[in-house]
Amino acid sequence: MNILEDMNPQQKEAVQYTRGPLLILAGAGSGKTRVLTHRIAYLIENGVKPYHIMAITFTNKAAQEMRDRVDQIVGFGSESIWVSTFHSSCVRILRRFIDRIGFLNSFTIYDTDDQKTLMKQVIKKLELDPKIYKERALMSAISSAKNEMISPEQFEKNAGLDWNKKKISQVYYEYQAELKKNNALDFDDLLVKTVELFKQCQDVLEYYQDRFQYLMVDEYQDTNTVQFQFINLLAAKNRNLCVVGDDDQSIYKFRGANIRNILEFEKSFPDAKVIKLEQNYRSTSNILDAANGVISNNKGRKEKKLWTENEKGAKITFRKFQNGFEEAEYVTGEISRKIRNGECRYGDIAILYRTNAQSRLFEEKLLIANIPYKIVGSVNFYARKEVKDLLSYLKTVDNASDDLAVQRIINVPKRGIGATTISRIQAHAAESGTNFYGALLEAQYIPGLSRSLSKIESFTTFIQKLRTQVQYYSVKELLEHIIEETGYVKKLEAEDTDEARARIENIDELISKVVTYEEEEESPTLSGFLQEVALVADIDSIDSDSDFCLLMTLHSAKGLEFPYVFMAGMEDGIFPSYMTITGDDPDELEEERRLCYVGITRAKKELVMTAASQRMIRGETQYNKVSRFVHEIPRELVELGREKDLDRDAFVNPRQRFSNNVSFKPRQFTVTRLEHLEYNVGDTVRHTKFGVGEVTDIADGGKDYEVTVHFDHAGVKKMFASFAKLKKI
DNA sequence: TACTGGATTATTTTT
DNA sequence: TAATCCAGTA
């Protein structure tokens with residue numbers, strides 16, 4: 001086949017520009033995956049060995065897709081090209097070399113759940129007040145530090161005299177020490193340790209530099225500092241680095257993504273060639289114009305304008321409803337109608353929303369309407385309780401050095417081993433320098449266990465017995481054996497609730513995943529299965545053959561496309577989220593707007609946006625205005641249900657009229673004047689987001705106090721006392 | 001040790 | 001609302 005066939009001039013140029021740094025600014029739907037895959041084919045056709053090519057993506061799904069397409073056009077040798085995610089590339093490298101920086105190559109990977117458990121233990125060990133030091137906040141502080149390649153030592157130095165930060169650095173130290181003890185790495189560590197390895201072991205770095213002479217990175221706008229360093233180190237020698245991205249689709253700042261990586265690529269590589277792909281092949285021109293209308297409100301973008309030769313297509317539909325129920329009913333009704341009319345199949349339709357919690361209403365209505373659907377996200381399959389329990393058994397059998405796994409299952413199902421026993425064992429493990437499972441094996445020498453001793457022994461004999469069987473049984477048999485012996489499913493059957501049945505279904509699903517693994521892998525092993533499972537996200541498992549409507553967050557939708565898209569919950573306070581409107585960081589609003597842009601550009605043929613004027617959030621009714629993003633779409637592109645739906649000051653219901661004079665804010669924001677403030681000018685206060693600062697002014701604004709605070713790091717901020725929830729310290 | 005019910009609290013997005 | 005935590009009880 002001709003690799004350059006059917007390509008526009010820019011695409012051709014991108015495919016053929018193979019030497020030196022290259023930045024491809026690829027707008028939504030401009031065929032960037034096609035360019036990447038064809039570029040790989042072109043490289044090979046021009047004498048580059050497949051072995052020397054590496055392509056990096058963010059999700060396994062994207063990697064898989066690219067792999068398939070590469071296989072199709074390359075044929076021979078394509079299997080030796082590395083096409084994988086950042087995380088799995090790092091795992092592959094670390095499995096081979098991490099012993100060089102003091103870990104065992106058999107390290108385990110901790111997911112978010114494990115991190116949380118570990119963090120709880122750290123908080124307890126350091127005797128911190130969990131009311132002040134929340135594991136969530138600590139975890140995100142540590143994670144951002146890791147994303148910026150800040151070590152605990154560095155963190156401590158940066159903290160200076162900031163008492164709070166010093167405490168966090170202590171936690172960070174301890175947390176890393178615990179990981180090390182368990183021979184475990186968290187998601188962030190996979191990147192950090194790889195970069196560390198590269199920096200410390202020149203020979204390893206050179207080995208990979210020689211191996212990966214041609215590097216390609218997809219979704220470059222979402223890279224963070226560690227990922228940037230990882231790529232830079234690998235590319236430093238040959239400098240054949242091609243990155244593809246769209247600054248307008250950068251939506252992972254909260255996860256440390258550094259939009260500067262793309263905006264300043266030319267600074268890092270002054271000789272970089274820049275190619276813009278601006279022709280959109282995906283959407284109708286109406287959809288594209290709507291997207292452009294919204295995103296043009298952002299400042300500091302790379303100059304580009306998307307265009308298309310596609311027809312105008314239908315207008316964007318906007319409908320507003322009384323509440324979330326009616327909204328969901330309308331959406332399901334529309335879906336049924338489309339199917340009835342034979343317009344499309346279920347799989348052509350996606351419902352997108354801002355937060356996972358919004359899926360519930362749709363789920364209910366879809367169920368009633370008998371529409372097949374799949375929810376992507378919310379809880380990752382491998383993070384579900386029952387699945388994790390069983391995986392923890394497998395982990396324990398495989399390699400009992402993972403304390404968290406052992407602790408998770410030691411009393412699941414209930415064996416009468418309680419909290420006191422567990423802390424005794426932990427204490428013993430700490431004393432004798434073994435891990436938790438090691439201490440269990442020595443249980444008979446631990447004083448004070450009395451009654452629990454026999455229970456512990458029967459647990460360990462069970463595990464030891466399974467271990468002797470590992471080599472004779474398949475993973476599937478082993479898993480079924482565990483389910484049988486522990487009576488896990490039997491217990492659930494006895495519960496006889498919908499929830500229990502759903503859990504059993506998940507267990508069956510797990511068994512079939514094991515079977516698939518064993519069928520596909522040449523030499524399947526238990527460790528191999530556990531490794532594979534550690535890095536999969538929910539989105540990875542959706543296959544395009546099955547005919548389901550898909551429900552997912554806007555974030556999960558990145559990189560996908562659908563003929564028909566519903567964007568639900570288009571309300572200020574939901575999308576853009578409450579946090580971004582009340583906070584005063586305009587960058588965050590811009591990120592939300594990019595998210596909206598991503599959502600709109602997922603649609604190929606039709607886009608429907610819906611809003612509800614009244615919505616239940618966490619048991620409280622909120623009254624929201626129509627999202628500002630809807631207003632940013634050129635009016636002539638929008639088809640309304642009722643003319644007044646887009647009137648900014650229409651009275652939709654009496655409650656809203658009531659709160660009207662408080663400038664249209666949802667009721668949640670309605671000001672309840674605080675009678676007295678717990679702080680005064682000169683006091684030191686803490687803000688949940690900006691940290692610690694000094695109150696420099698308090699002005700009585702009649703309805704509320706306006707407080708001016710000089711924050712140590714965030715600068716001077718003015719805020720309303722009733723929103724800011726400042727705490728005196 | 002396990003279970004219950006009341007209180008508390010979280011609220012954005014996830015590889 | 002829903003999940004989690006904690007104290008009191010069996």
Side-chain angles (χ1 to χ4, degrees), chain A residues 56-63 84-91 109-113 115-116 120 130-131 134-137 139-140 143 146-147 185-191 218-219 222-224 226-227 250-257 324 352-358 360-361 376-380 382-383 385 411-422 450-452 455 499 534-540 552-559 569 573-583 588-589 591-592 594-596 598-599 615-622 668 688-689 725:
Chain A
I56 301 178
T57 63
F58 272 79
T59 65
N60 295 301
K61 187 182 159 53
S84 57
T85 64
F86 273 105
H87 294 268
S88 50
S89 306
C90 289
V91 172
I109 300 165
Y110 277 1
D111 66 13
T112 322
D113 233 44
Q115 285 181 50
K116 213 165 139 190
K120 269 186 199 156
K131 290 244 153 50
K134 306 241 194 278
E135 74 244 13
R136 248 181 65 92
M139 277 162 60
S140 84
S143 175
K146 286 181 177 178
N147 288 159
L185 303 183
D186 64 18
F187 283 140
D188 300 318
D189 277 342
L190 294 175
L191 267 312
D218 195 10
E219 307 282 11
D222 287 326
T223 49
N224 59 35
V226 211
Q227 288 162 339
S250 158
I251 53 173
Y252 281 110
K253 189 175 158 212
F254 72 94
R255 213 165 64 191
L352 309 181
Y353 36 75
R354 180 66 235 270
T355 66
N356 277 309
Q358 288 167 260
R360 229 200 70 228
L361 282 177
V376 178
S378 60
V379 193
N380 185 341
Y382 291 103
K385 185 185 177 302
N411 202 27
V412 175
K414 300 269 181 296
R415 297 192 174 83
I417 301 172
T420 24
T421 311
I422 289 172
S450 63
R451 272 171 305 161
S452 349
K455 291 164 185 160
E499 199 200 325
L535 288 176
V536 283
D538 218 37
I539 189 95
D540 302 332
M552 68 186 93
T553 62
L554 289 152
H555 281 90
S556 311
K558 198 186 69 175
I574 305 281
F575 185 37
S577 81
Y578 164 77
M579 299 290 220
T580 38
I581 332 186
T582 47
E588 287 188 11
L589 193 89
E591 174 138 329
E592 293 275 302
R594 290 193 290 270
L595 189 55
C596 184
V598 168
R615 192 182 285 278
M616 273 276 256
I617 304 260
R618 292 189 302 274
E620 235 189 316
T621 309
Q622 272 190 17
Q668 193 180 329
T688 45
K689 202 167 137 210
K725 292 190 189 117

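Chain A is the first sequence line, chain B the second, and so forth, proteins listed ahead of strands; every chain is numbered from 1.
- Between A:K116 atom NZ and C:dT4 atom C1' the separation is 9 Å, expressed in whole Å.
- Summary of the strand contacts: A:A419 and A:H555 both lie near DNA chain B, and taking for each the nucleotide with the nearest heavy atom, the more 5' one is attributed to A:A419.
- The side chain of A:S556 contributes no N or O atom lying less than 4.0 Å from OP1 or OP2 of B:dT13.
- Stacking of A:K116 on the aromatic ring of A:Y110 is not recorded, the 6.0 Å distance cut-off and the 45° axial limit not both being met.
- As a whole-Å value, the separation of A:M139 CE from B:dT12 C1' is 15 Å.
- Applying the 4.0 Å criterion to OP1 and OP2 of B:dT14, one finds that A:T553 has a side-chain N or O inside that range.
- For the pair A:H87 NE2 and B:dT15 P, the computed distance is 9 Å after rounding to whole Å.
- If you check every strand for non-hydrogen atoms under 4.0 Å, A:E592 touches a base.
- Ring geometry, A:Y252 versus A:H555: the interplanar angle falls from 30° to 60°, so the pair is classed tilted.
- For A:N356, a side-chain nitrogen or oxygen approaches OP1 or OP2 of B:dT14 to under 4.0 Å.
- Inter-residue side-chain proximity for A:T580 and A:E591 is flagged as unmet; no heavy-atom pair is nearer than 4.5 Å.
- Atom CG in A:D113 sits about 14 Å away from atom P in C:dA3, given to the nearest Å.
- Distances were taken from every side-chain heavy atom of A:K134 (C-beta onward) to each of B:dT1, B:dA10, B:dT12; the shortest belongs to B:dA10.
- Among the atoms of the strands shown, none is found under 4.0 Å from any heavy atom of A:T85.
- Put simply, A:K455 has no side-chain N or O that comes within less than 4.0 Å of OP1 or OP2 on B:dT1.
- In terms of polar N and O atoms assigned as donor or acceptor, the side chain of A:R360 never comes within less than 3.5 Å of the base of C:dT1 in a complementary pairing.
- The residue A:T580 sits apart from the nucleic acid: no heavy atom pair falls under 4.0 Å.
- Phosphate proximity of C:dC5 to A:K120: present, with a side-chain N or O under 4.0 Å from OP1 or OP2.
- Remark: A:N411 is in phosphate contact with B:dA2, judged by side-chain N or O atoms under 4.0 Å from OP1 or OP2.
- A:E588 and A:K253 are not joined by a salt bridge, as no carboxylate oxygen comes within less than 4.0 angstrom of a charged side-chain nitrogen.
- Within the 4.0 angstrom heavy-atom criterion, base atoms lie near A:F187.
- At the heavy-atom level, A:D222 lies nowhere under 4.0 Å from the strands shown.
- Rounding to whole angstrom units, CG of residue A:L352 and C1' of B:dT14 are separated by 16 Å.
- Salt bridge A:D222/A:R255: absent, no basic N to carboxylate O contact under 4.0 Å.
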